[in-house]
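Step one of this worksheet: look at the structure below.
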Amino acid sequence: MKLFKVVSGAIIAAVVALAVSACAPTSTKEGTGGYLDDTVVTTKVKAELLGDKSLKSTEINVETFKGRVQLSGFVSSPQAANRAVQVTRSVPGVKSVVNNMQIK
């Protein structure tokens, strides 16, 4: 009976350790905390873009991974693309901006 308790305790400890380590970040995958941070940055960028009346921000997509923000979608001019990049860089938490927007 004592052996059963020891073995079951070890198995439970291993399962808990695996579950906790599954949330750890890697170079290509975010951890839970990083994902939440990036979600906040994405939301702030979208809010700033919506607040800028010179941009049609509904046609701009925003994705964030480890503070690196990627802008994609369509804008009406190169000046609008540059303005979107400027607005995005001003948001706290943005480490870099990748401009993949296309002029239509």
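All values reported here derive from a predicted model rather than from experimental measurement.
With rounding to the nearest 0.5 Å, the separation of CD1 in I60 from CG in L55 is 5.0 Å. Between the CG atom in N61 and the CE atom in M101 there is a gap of 10.5 Å [rounded to 0.5 Å].
Under the 4.5 Å side-chain heavy-atom criterion for Ile, Leu, Val, Met, Phe, Trp and Tyr, F74 and V97 are members of distinct hydrophobic clusters.
Pairs passing the side-chain hydrogen bond (donor to acceptor under 3.5 Å, both in side chains) check and including a residue from residues 92-104, sequence neighbours excluded, read E59-K104. Residue pairs satisfying the side-chain hydrogen bond (donor to acceptor under 3.5 Å, both in side chains) criterion with at least one member in residues 41-58, sequence neighbours excluded, are listed as follows: T42-T64, D52-S54, D52-R83.
Partner of V69 under the side chain to side chain contact (heavy atoms under 4.5 Å, CB included) criterion, out of V94, V91, V98, V85: V94 alone.
Between A81 and V75, the shortest heavy-atom distance links the atoms CB-CG2, 3.8 Å.
Taking 4.5 Å as the limit, some side-chain heavy atom of V62 sits within range of a side-chain heavy atom of L71.
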